[in-house]
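Reading through the structure tokens given below for one structure.
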Number of protein chains: 2
Amino acid sequence: MQRVTMMDVAKLARVSPSTVSLYLRKPDAVSQEAGKQIERSVRELGYVPNLVAGGLAAASSRVVSIIVPSIRNAFFAETVSTLQTELAADGFQVIQGNSEYGPDHEEALVRTALSWAPAAIILTGLSHTGQTRRMLAASSAPVVEMWELGAEPIDMAVGFSHAEVGITTARHLILKGRRKLCFVGARLQEDRRAAQRADGFMQHCRDTGVNKFEMLNYPGPASVEAGTILLNQIRQRMPDLDGLACSNDLVALGVLFECQRQGIAVPGQISVVGFGDLDFSGSCIPSLTTVRPFGDLIGREVARLIIDRITGDMSDALGHVVDTGHALIERSSS
Amino acid sequence: MQRVTMMDVAKLARVSPSTVSLYLRKPDAVSQEAGKQIERSVRELGYVPNLVAGGLAAASSRVVSIIVPSIRNAFFAETVSTLQTELAADGFQVIQGNSEYGPDHEEALVRTALSWAPAAIILTGLSHTGQTRRMLAASSAPVVEMWELGAEPIDMAVGFSHAEVGITTARHLILKGRRKLCFVGARLQEDRRAAQRADGFMQHCRDTGVNKFEMLNYPGPASVEAGTILLNQIRQRMPDLDGLACSNDLVALGVLFECQRQGIAVPGQISVVGFGDLDFSGSCIPSLTTVRPFGDLIGREVARLIIDRITGDMSDALGHVVDTGHALIERSSS
DNA sequence: AACATAAATCGTAGCGCTATGATAGCGCCA
DNA sequence: TGGCGCTATCATAGCGCTACGATTTATGTT
């Protein structure tokens with residue numbers, strides 16, 4: 001499979017394999033003359049370093065393992081995509097796994113991830129099984145937990161408080177004069193972050209003395225269809241509903257469609273707020289008020305932390321927490 | 001980083017490392033008694049095999065490298081997600097890279113991918129640089145090209161003909177009595193598959209003697225906003241437009257929104273057909289007629305081919321081509 | 001009981017690279 | 001001119017595992 005080895009390059013360049021290895025890792029440590037020779041030989045032979053061998057020898061590979069609940073989810077797709085680009089620029093490969101919102105599944109993924117001796121491990125959220133924590137602690141690899149802030153991270157964390165997103169959403173609806181509120185979400189048992197947004201929302205309602213507020217869950221994944229179903233359910237339970245927060249812009253879009261179908265005025269009769277600021281959110285009818293989570297910023301910050309930790313001075317060896325915040329994007333639906 | 005080695009397990013189980021290795025790979029080749037001992041030792045020590053070392057020794061790692069244009073694209077997210085799940089079930093890790101629709105970028109990704117001695121390489125589409133082809137040929141790793149059929153694949157291919165999608169779309173609009181047609185797309189220079197759909201569409205118009213047909217391109221990525229912009233552009237150039245094909249359901253959704261905003265009846269005045277059958281396509285207003293590409297089926301078939309090739313008999317060593325086809329989903333927008 | 005055969009286990013030799021000292025070559029000052 | 005410190009280069013010893021052939025043990029046959 002791998003024909004040309006470092007030895008071949010060394011022979012052609014008339015230096016020892018050590019020098020080739022050294023040049024490839026730290027070009028400045030080798031004389032210009034030798035460097036040029038090596039460069040030429042590499043090109044002539046079409047040499048591609050065997051990273052597996054390198055990883056074994058160096059006891060740490062240039063692999064970063066990312067575990068997200070689902071890459072189908074546009075939020076995570078954005079972050080993963082950004083991470084990939086940023087890390088690739090520094091020569092890191094990305095191994096990716098989907099936990100499907102299952103802590104045990106995540107544990108299995110971490111186990112295999114660890115067997116690659118990765119340069120870093122990126123997890124989604126702050127809740128993991130005890131075994132996962134134990135393995136991670138034993139591994140000494142940098143760990144970044146992303147997309148959630150609140151509890152104590154294992155090592156580093158980049159994200160924002162979902163409870164605060166819930167509060168922002170509730171506050172906005174109340175500010176708009178809405179008093180019969182509902183939070184609708186999908187997969188609220190599995191998706192702890194959505195659940196935290198719901199909790200923050202409900203808590204703020206309670207704190208500010210809103211008289212009527214409810215929460216409704218759709219068991220399947222967040223989708224436009226879930227939104228249409230949820231709107232009908234909540235309207236049955238709360239016919240005078242006037243403010244609706246959705247755990248996801250997809251759900252909100254379904255709500256908007258269903259309102260249009262039934263002739264419910266938005267925001268006239270019901271104000272709708274989403275979460276995610278997805279592709280369509282600015283263009284739909286009415287354009288959707290939503291909370292933007294800065295998924296690409298999360299990706300960039302995670303990449304920065306990892307690269308700093310690996311290449312940088314050990315002063316950074318302590319944990320880091322970066323709050324990327326959130327922003328309410330006020331549009332026409334509220 | 002990796003404390004417990006196979007040697008430790010062997011010592012505890014009172015067998016040789018070879019037997020442990022053998023048991024881990026082929027449990028049936030070891031006596032039940034020894035197997036139980038090893039199992040117990042593995043658990044007691046919390047042994048996690050070092051796949052880097054294994055990959056080096058076996059000269060091929062259980063890594064599958066997937067290169068797609070962009071994981072942000074819902075089509076590819078679906079396929080990659082399915083692939084990940086299917087391959088993980090057989091103990092394969094997935095390394096993923098985004099080519100951003102650039103052949104040179106793809107070449108660089110293939111180069112690094114190859115340096116992991118992957119068990120297989122999965123590429124998107126059939127067009128690659130000569131250097132990419134050369135590296136792939138030299139590597140002897142199984143190669144699957146997906147999401148496109150037509151030209152001769154490097155090794156195996158799973159996908160469908162985009163030209164035929166274009167024909168299906170055109171035929172449908174013509175069948176609906178539409179005669180002033182347009183194909184609108186995004187990134188038609190970079191996205192060769194979208195370009196093929198456009199070509200098929202135009203060709204069918206020509207072949208069937210449609211009197212008026214045009215094609216319009218939006219330079220940015222496919223998005224809802226692109227749809228709103230494109231609709232206005234084409235209406236200026238072709239005020240009597242009555243049938244519109246979009247390269248992507250996101251673009252189609254933007255078109256639908258803009259039609260609604262301007263009071264253009266769909267399908268009364270203009271029929272709209274999309275591509276992708278995304279999450280919202282069945283729920284939007286009007287529900288969107290579109291072509292479904294079976295992205296998850298592609299993922300499953302690719303995984304099957306790879307696993308068959310690697311674990312299976314060598315009778316499969318020749319290339320394979322699987323046509324996953326496409327389906328017109330007729331809804332209310334046409 | 002002696003032998004052939006099969007099954008289970010083992011020892012060894014790397015896989016291709018990096019990290020770690022050790023060595024060689026050089027200019028400079030006393 | 002000898003010795004010092006510096007830089008550039010090198011030889012060597014693994015990293016942890018798998019593949020392979022060799023060896024041991026169990027099973028069956030006459």
Side-chain angles (χ1 to χ4, degrees), chain A residues 1-38 41-42 45-63 91 112 114-119 139-140 310, chain B residues 1-38 41-42 45-63 91 112 114-119 139-140 310:
Chain A
M1 161 152 283
Q2 192 91 21
R3 310 261 75 166
V4 185
T5 75
M6 192 174 271
M7 180 76 89
D8 299 321
V9 176
K11 270 186 192 141
L12 186 64
R14 306 183 152 280
V15 294
S16 78
S18 311
T19 309
V20 177
S21 172
L22 188 61
Y23 173 74
L24 258 24
R25 282 171 298 119
K26 298 175 190 155
D28 295 338
V30 167
S31 72
Q32 276 216 322
E33 198 182 352
K36 277 218 175 86
Q37 272 304 324
I38 293 169
S41 308
V42 164
L45 295 172
Y47 171 68
V48 177
N50 183 329
L51 294 180
V52 179
L56 181 60
S60 114
S61 55
R62 283 185 90 74
V63 156
T112 19
L114 245 22
S115 56
W116 283 100
S139 84
S140 83
I310 293 173
Chain B
M1 160 154 281
Q2 193 91 20
R3 308 261 77 163
V4 185
T5 76
M6 192 174 271
M7 182 74 92
D8 300 320
V9 176
K11 269 186 194 141
L12 187 62
R14 306 183 151 281
V15 293
S16 78
S18 312
T19 308
V20 176
S21 172
L22 188 61
Y23 173 75
L24 259 24
R25 282 171 298 118
K26 300 175 188 156
D28 295 337
V30 166
S31 72
Q32 276 214 323
E33 199 183 352
K36 279 221 176 83
Q37 273 304 324
I38 293 169
S41 309
V42 165
L45 297 172
Y47 170 68
V48 177
N50 182 330
L51 294 180
V52 179
L56 181 60
S60 117
S61 55
R62 283 185 90 73
V63 156
T112 19
L114 245 22
S115 57
W116 282 100
S139 84
S140 84
I310 292 173

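Naming: A, B, ... by sequence-line order, numbering from 1 per chain. In this text, all values refer to a predicted model and were calculated from it rather than measured experimentally.
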Between C1' on D:dT9 and CD on A:Gln37, what's the gap in Å once rounded to a whole number?
15 Å
Identify, with sequence neighbours excluded, every residue that meets side chain to side chain contact (heavy atoms under 4.5 Å, CB included) alongside B:Arg14.
none
Rounded to the nearest Å, what distance is computed from the NZ atom of residue B:Lys36 to the P atom of nucleotide C:dT9?
13 Å
For A:Ser18, what residues pass the side chain to side chain contact (heavy atoms under 4.5 Å, CB included) criterion, not counting sequence neighbours?
A:Ser16
A:Tyr23 OH to C:dC17 P, in whole Å, measures 16 Å
Restricting to non-hydrogen atoms, name the atom on A:Pro118 and the atom on A:Ser61 that form the minimum distance, rounded to 0.1 Å.
CA-OG, 3.9 Å
Nucleotide N/O to protein N/O under 3.5 Å, stretch nucleotides 11-15 of chain C:
residue : atom : partner : partner atom : Å
C:dG11  : N7   : B:Ser18 : OG           : 2.9
C:dG11  : O6   : B:Ser18 : OG           : 2.9
C:dC15  : O2   : B:Ala57 : N            : 3.3

What's A:Leu22 touching, base or sugar-phosphate or nothing? Going by heavy atoms closer than 4.0 Å.
base
What's the CZ-P distance between B:Arg14 and C:dC10, to the nearest Å?
12 Å
Rounded to the nearest 0.5 Å, how far does CZ of A:Arg62 lie from CD1 of A:Ile310?
7.0 Å
Heavy atoms within less than 4.0 Å of DNA chain D: which residues of residues 26-33 of chain A have one? Give them sorted by number.
A:Val30, A:Ser31
Which listed nucleotide (D:dC17, C:dT9, D:dT9) is nearest to the side chain of B:Tyr47?
D:dC17
Note down the inter-axis angle between the two ends of the helix from C:dA1-D:dT30 to C:dA30-D:dT1, five pairs each, to the nearest 10°.
50°
Can you tell me how far P of C:dT18 sits from CG of A:Leu24, to the nearest Å?
7 Å
How close do A:Pro17 and A:Met6 get, counting heavy atoms only, and between which atoms?
O-SD, 3.8 Å
d(CG, A:Leu51; C1', C:dG16) in whole Å
11 Å
Main-chain N/O of A:Val48 paired to B:Ser115 side chain as donor or acceptor, under 3.5 Å:
no
Establish, with yes or no, whether the OP1 or OP2 oxygen of C:dC17 is under 4.0 angstrom from a side-chain nitrogen or oxygen of A:Arg25.
no
Take A:Gly55 and B:Val15, find for each the nucleotide of DNA chain C with the closest heavy atom, and name the residue whose nucleotide sits nearer the 5' end.
B:Val15
Residues in side chain to side chain contact (heavy atoms under 4.5 Å, CB included) contact with A:Ile38, at least two apart in sequence or another chain
A:Val9, A:Ala13, A:Val15, A:Thr19, A:Val20, A:Tyr23, A:Val42
Atom-to-atom span, CE of A:Met7 to C1' of D:dA11 - whole angstrom
11 Å
Does D:dG16 have OP1 or OP2 under 4.0 Å away from a side-chain N or O of B:Thr5?
no
Please report the interatomic distance CG(A:Leu22) to CG(A:Asp28), rounded to the nearest 0.5 Å.
10.0 Å
Atom CG in A:Leu12, atom OH in A:Tyr47: separation rounded to 0.5 Å?
13.5 Å
Can you name the nearest heavy-atom pair linking B:Asn50 to A:Leu56, along with the distance?
ND2-CD1, 4.4 Å
